[in-house]
Amino acid sequence: MEKSQQIKGLIWAILSGLVVFAVLTPFLPGIQATLLGIVVTMVFLWSNEALPLGWVALLPIVLFPLFGITHTNEVAPNYAQSIIFLFIGGFMLAIAIEKTELHHVISQKMLAIFPATPKGMIYALSITSGGLSAFLSNTTTALLLMPLALFLTERRELQMRFALAIAYGASVGGILTPIGTPPNLILFGFFDQHLIPGISFAHWVLMVLPLVAAMFVVVGWVLALGTVNETLKTDFKPQPLNSGQKKVLYLVSALVAILVINALATSLLGWSGFNEKGLLLGFGLLLFLPPFDILNWQDTKKIPYEIIFLFGAGFAIAGAFTTTGLADQLAWLLQHIAVFPTWLVIAIIAFLVTFSTVITSNTALIAMVLPILLAVCEQSGLDSRLLMMVATVCASYAFMLPISTPPNAIAMSSGAVSVKTMATYGLAFNLLGITFVTLTANLFWQHLL
């Protein structure tokens with residue numbers, strides 16, 4: 001970004017925060033108006049990328065004490081929440097997968113399963129993108145697969161559909177696991193912070209799998225509308241796994257098996273089970289030891305620490321909303337929706353969060369929404385875990401604009417997708433996603449939480 005654009009973005013962010021503070025001061029206590037002004041400034045800085053993501057994420061440590069919102073010793077521990085170490089373990093596994101190029105093998109094998117038609121490749125790309133994004137960064141996944149969108153065909157219309165299949169598949173797939181997307185980690189950390197019973201790794205996957213499967217079916221079907229049933233020229237020759245890839249695959253398979261057994265033992269036998277944060281971090285650390293010897297300490301430089309700081313900022317914002325009483329204040333304003341039937345409350349929350357995430361950082365959004373929902377539920381008796389899960393999943397429904405999520409921006413940068421096209425398809429998927437979440441939460445999640 002040019003210096004002039006950076007300065008312009010910084011000025012606009014600060015002015016936006018000041019305007020929000022000035023407008024809200026007559027209606028809210030000064031500390032609450034100040035908090036919202038700071039959060040709006042951070043959201044603008046995250047959106048316009050005037051300053052590095054990690055730099056902005058560290059601002060609460062400086063600004064919250066400076067403006068009397070909370071003390072430094074209360075803000076700083078948010079950046080070392082135990083849930084963050086689960087994500088670090090996940091990052092180590094992801095780095096090992098990339099280092100051994102296991103993701104190339106997985107993607108080639110996946111693509112070879114589907115028929116070499118436009119419809120078949122749309123499903124192949126979206127499901128492969130989603131499967132990888134459940135464990136890898138959605139940015140990495142989109143960067144890996146996007147060249148395939150241009151390689152598979154020279155027709156611009158098909159390239160557009162393939163690029164959107166990759167971008168939307170990454171967003172949908174990230175919902176599948178607790179480590180698949182930042183809002184999921186924010187939710188799990190919020191459970192820890194407020195001593196709310198958590199959701200195990202396997203239980204989460206079980207709950208969201210029907211939703212994710214339905215979204216994959218609909219995304220593929222809609223994007224394939226109007227395509228011709230022709231055979232595309234593909235040249236996928238899956239190679240046998242080398243020793244490093246086999247080691248990582250065995251380790252990941254063992255981890256998945258232990259997570260499933262751990263969840264079953266906890267739910268069926270009442271056993272407290274292993275701590276999943278320790279499990280993921282432990283398996284990540286095994287990659288450094290014989291007989292694996294996949295990672296060395298230099299590889300840890302690839303861990304995106306700015307994302308870890310982003311989690312910390314999310315926890316800090318959520319904590320400040322609670323300690324300043326802002327969550328209760330906003331909950332009081334939203335109290336009237338609690339008188340509606342549960343299905344309608346779920347639909348309203350899904351709608352508000354889904355369309356808010358179009359223009360807002362989904363991490364910052366969910367950090368603000370969770371404490372408000374908790375306060376609403378405490379005042380009304382609604383199921384807090386159900387409503388917070390609905391909001392968290394909908395925070396990943398960023399389908400409409402390039403700025404909404406990195407995979408969208410990568411699809412746009414391919415040159416095959418226009419903003420108008422993305423917004424048109426994205427609006428349809430937003431509405432379908434809201435419908436599916438509402439149905440899944442009412443018919444399925446209520447009985448499993």
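Just so it is clear, the model here is predicted, and its values are computed rather than measured.
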**Study point:** Distance, nearest 0.5 Å, that separates CD of Gln446 from OG1 of Thr440
**Key:** 11.5 Å

Check your understanding: If only atom types and distance count, is the side chain of Trp204 paired as donor or acceptor with the main-chain N or O of Ile175 below 3.5 Å?
Key -> yes

Review point. Heavy-atom distance under 4.5 Å between the side chains of Phe201 and Leu279, does that happen here?
Key: no

Check your understanding: Can you check whether Pro371's main-chain N or O pairs, donor with acceptor, with His194's side chain at less than 3.5 Å?
Key -> no

N/O donor to acceptor pairs below 3.5 angstrom from side-chain atoms of residues 280-288, sequence neighbours left out:
none

Review point. Does atom NZ of Lys119 have more than 12 heavy-atom neighbours, drawn from other residues, nucleotides or ligands, at distances under 6.0 Å?
Key: no

Practice item. Hey, could you give me the CG/CD1 distance between Leu35 and Ile69, rounded to the nearest 0.5 Å? Key: 5.0 Å

Exercise for review: Would you mind reporting whether Asn184 and Thr177 have side-chain heavy atoms less than 4.5 Å apart?
Suggested key: no

Practice item. Show the numbers, then the answer: is there a side chain to side chain contact (heavy atoms under 4.5 Å, CB included) between Phe64 and Thr72? Key: CA-CA 8 Å; Phe64 285 5; Thr72 303; over 6 Å; no

Review point. Is there side-chain contact between Ile199 and Phe191, with heavy atoms separated by less than 4.5 Å?
Key: yes

Check your understanding: Any donor-acceptor pair under 3.5 Å linking the side chain of Ser126 with the backbone of Phe216?
Key -> no

Check your understanding: For Ala347 and Ile434, which heavy atoms make the closest approach, and how far apart are they?
Key -> O-CG2, 4.3 Å

Exercise for review: Step through the shown structure and confirm whether more than 12 heavy atoms of other residues, nucleotides or ligands are within 6.0 Å of OH on Tyr250.
Suggested key: no

**Study point:** Ring centre gap for Phe351 and Phe355 strictly below 6.0 Å
**Key:** yes

**Study point:** Sub-4.5 Å side-chain heavy-atom contact between Arg161 and Tyr425
**Key:** yes

Review point. Say you draw a straight line from CD of Gln193 to CG of Leu374; how long is it, rounded to the nearest 0.5 Å?
Key: 10.5 Å

Review point. Side-chain donor-acceptor pair under 3.5 Å between Glu101 and Asn242, yes or no?
Key: no

Point to revise | Pro178 to Leu185 - nearest heavy-atom pair and separation | key: O-CD2, 2.5 Å

Practice item. For the pair Asn408 (side chain) and Ala167 (backbone), establish whether a donor and an acceptor sit closer than 3.5 Å, ignoring hydrogens and angles. Key: no

Practice item. Give a yes or no answer on whether the side chain of Tyr168 reaches the backbone of Phe399 with a donor-acceptor pair at less than 3.5 Å. Key: yes

Exercise for review: Answer yes or no: is there a side-chain heavy-atom contact under 4.5 Å between Lys277 and Phe85?
Suggested key: no

Exercise for review: For side chain to side chain contact (heavy atoms under 4.5 Å, CB included), just list the numbers for Gln32 and Leu36, CA-CA rounded to whole Å, side-chain angles, deciding distance to a tenth of an Å, and then say yes or no.
Suggested key: CA-CA 6 Å; Gln32 295 178 1; Leu36 282 173; 5.8 Å; no

Review point. Is the shortest heavy-atom distance from the side chain of Leu251 to the side chain of Leu93 under 4.5 Å?
Key: yes

**Study point:** Where Gln245 and Pro240 come nearest, the two heavy atoms and their spacing
**Key:** OE1-O, 4.2 Å

Show me the donor-acceptor pairs, under 3.5 Å and distance only, between side chains in residues 56-63 and residues at least two apart or in other chains.
none

Practice item. Indicate yes or no for a side-chain donor-acceptor contact from Thr128 to the backbone of Leu125 under 3.5 Å, with no hydrogens or angles considered. Key: no

Review point. Quick check: does any side chain N or O of Thr421 sit under 3.5 Å from a backbone N or O of Val417, one acting as donor and the other as acceptor?
Key: no

Revision key, fill the gap. Taking every heavy atom of Ala316 against every heavy atom of Val75, the minimum-distance pair comes out as CB-CG1, 4.0 Å

Check your understanding: Quick one: does Trp343's side chain have a donor or acceptor within less than 3.5 Å of a partner on Thr438's backbone?
Key -> no

Check your understanding: Run the side chain to side chain contact (heavy atoms under 4.5 Å, CB included) check on Ile166 and Ile410 step by step: do they pass?
Key -> CA-CA 10 Å; Ile166 292 168; Ile410 293 167; over 6 Å; no

Exercise for review: Please round to the nearest 0.5 Å and tell me the distance separating atom CG of Leu223 and atom CG of Leu158.
Suggested key: 11.0 Å

Point to revise | Intermediate values then yes/no, side chain to side chain contact (heavy atoms under 4.5 Å, CB included), Ile303 and Ile95 | key: CA-CA 8 Å; Ile303 293 176; Ile95 291 169; 3.7 Å; yes

Practice item. Output the distance between atom CG (Asp328) and atom CD (Glu378), rounded to the nearest 0.5 Å. Key: 7.5 Å

Compile the donor-acceptor pairs under 3.5 Å between side chains in residues 384-398 and protein atoms, sequence neighbours left out, one pair per line.
unit_1, atom_1, unit_2, atom_2, d
Arg385, NH1, Pro197, O, 2.9
Arg385, NH1, Gly198, O, 3.1
Thr392, OG1, Met388, O, 2.8

Review point. Any side-chain heavy atom of Ile366 sitting closer than 4.5 Å to one from Leu187?
Key: no

Exercise for review: Drop me the distance from Met92's CE to Thr300's OG1, to the nearest 0.5 angstrom.
Suggested key: 6.5 Å

Study note, to complete from the structure: In terms of heavy-atom contacts, Thr100 and Val248 come closest through CG2-CG2, 3.9 Å

Review point. Between Gln159 (side chain) and Thr153 (backbone), is there a donor-acceptor pair under 3.5 Å?
Key: yes

Review point. Can you name the closest pair of heavy atoms from Met42 and Ala313 and give their distance?
Key: CE-CB, 4.4 Å

Exercise for review: Flag the pair Lys99 / Asn296 as yes when at least one side-chain heavy-atom distance between them is below 4.5 Å, and no otherwise.
Suggested key: yes

